[in-house]
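Note sheet for the following structure.
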Amino acid sequence: MKGRKNEDVRGSAMAYNVLLFADPGIDDSFAIMYALLNPHINLVGIVSGYGNTKKEQSVKNSAYLVELGGREDIPIIAGAAGPLSGEPVQYYPEIHGPEGLGPIRPPDSFQNIKVHDYNKILEIVNQYKGNLIIVNVGRLTELALMFILYGDNALKDITEFYIMGGAFLVPGNITAEAEANFYSDSIAARIVMEKAHNVHLYPLNITNRAIITPEMVEILAENSPTSFRPLLKPTFDYYFKAYQKNVPGIKGAPIHDVVPLMAITNPEIFKYIPRRVKVEEFGNAKGKSIADFRPKPDPEPLETLDYIGMEADIPKFVENFMEIFLKGDYEKK
Ligand code: BDR
Ligand code: CA
């Protein structure tokens, strides 16, 4: 079932209602900007938790971006400070910067932005009953907590889940086996993959290919008519440098977290394989995403199948990315 598009979100654009869970983070920040700019996405809240950076910083970064975009009306919700295991968190300043936005330091406080508590999530879910897509591009702690706190039916009215996480038939990026969002709270990832329905998954095997180059960002830094323009080059350059160190010879940086959002509004770009996804919780393969890719997989009940992103039309990804940042459609939203 595809999430219903809103008839008339704010007078003009037809748009999908999206509640975003993120840990900005540079690619998360691109995802937030993309969601704000895409006229077919109506961002109804951002849950900001620990992950690439501390929870408090992650909240500030989301607040900064909605303020820059002139969308202080979008609720910012403070998420989790750490994983369900209670283990200490490892942050990634070498990839995302000490404050999560590369060299950019957002202000410490925001006059017109209210930061909400966790229970605001339930309020939003009820408000948009039957017409809300959840996109998760951070650790899965907050989403797993919904099931823990409110029961297995807590999110039954969500039309679809779009999740960046896992890695199929390719190496991980945190360990040889595991991708960062699944690894950092493998218990939560296991819970979400077991209990959420209508899941579309965007793993490293496609997001690693969603590469934006410095040349493209140069074009945006000169021509984007949006209020985000000054941020694009410094944040991207920082992130790209880290990728150059980790992946010698790479020509650009993968903007993982934009992928699930683009998949909502541009479904023709992606191809999926329906399989049941499981997540290793502990041990050497902690955070590993598992699916049965044998030509004749063991049969699984239909309702347990997830749609695993396996192919992406990268030139179309780039085209849409550039178009959204060059149009600045948010002014019309
Ligand atoms: C994922 O991990 C995070 O560091 C990125 O923001 C992305 O969500 C990629 O593995
Ligand atoms: Ca992220």
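Atoms within each ligand, like the ligands themselves, are counted from 1 in listed order.
- Using cut-offs of 30° and 60° on the angle between ring planes, the pair F321 and F325 is tilted.
- V192 pairs in a side-chain contact (heavy atoms from CB on, under 4.5 Å) with only one of the listed residues (N136, V279, L140), which is L140.
- The closest side-chain donor-acceptor pair between H256 and T207 falls under 3.5 angstrom.
- Judged by distance alone, the side chain of S58 and the main-chain N or O of G49 form a donor-acceptor pair under 3.5 Å.
- Taking distances strictly below 3.0 Å, the protein N/O/S atoms close to the Ca ion (ligand 2) are D23 OD1, D28 OD1, D28 OD2, V137 O, D257 OD2.
- Here L305 is tied into one hydrophobic group with L302, each link being a pair of ILVMFWY side chains closer than 4.5 Å.
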May I have every N or O pair linking ligand 1 to the protein at under 3.5 Å, one per line with atom names and distance?
unit_1	atom_1	unit_2	atom_2	d
ligand 1	4 (O)	N52	OD1	2.6
ligand 1	6 (O)	D27	OD1	2.6
ligand 1	6 (O)	D27	OD2	3.2
ligand 1	6 (O)	D28	OD1	2.9
ligand 1	6 (O)	N52	ND2	3.0
ligand 1	6 (O)	D257	OD2	3.1
ligand 1	8 (O)	V137	O	2.9
ligand 1	8 (O)	N181	ND2	3.1
ligand 1	8 (O)	D257	OD1	2.7
ligand 1	8 (O)	D257	OD2	3.0
ligand 1	10 (O)	N173	ND2	2.8
ligand 1	10 (O)	E179	OE2	2.5

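- Shown are S85, S184, S186; of these, the side-chain contact (heavy atoms from CB on, under 4.5 Å) with K286 is made only by S186.
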Could you list the donor-acceptor pairs under 3.5 angstrom formed between side-chain atoms of residues 141-152 and any protein atom two or more places apart in sequence or on another chain?
unit_1	atom_1	unit_2	atom_2	d
T141	OG1	Y50	OH	2.6
T141	OG1	D185	OD2	2.8
E142	OE2	A80	N	2.8
D152	OD1	K195	NZ	3.3

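- Put simply, CG on N42 and CD1 on I74 are 7.5 Å apart, with the number rounded to the nearest 0.5 Å.
- Side-chain polar atoms of Y162 and Y307 form no donor-acceptor pair below 3.5 angstrom.
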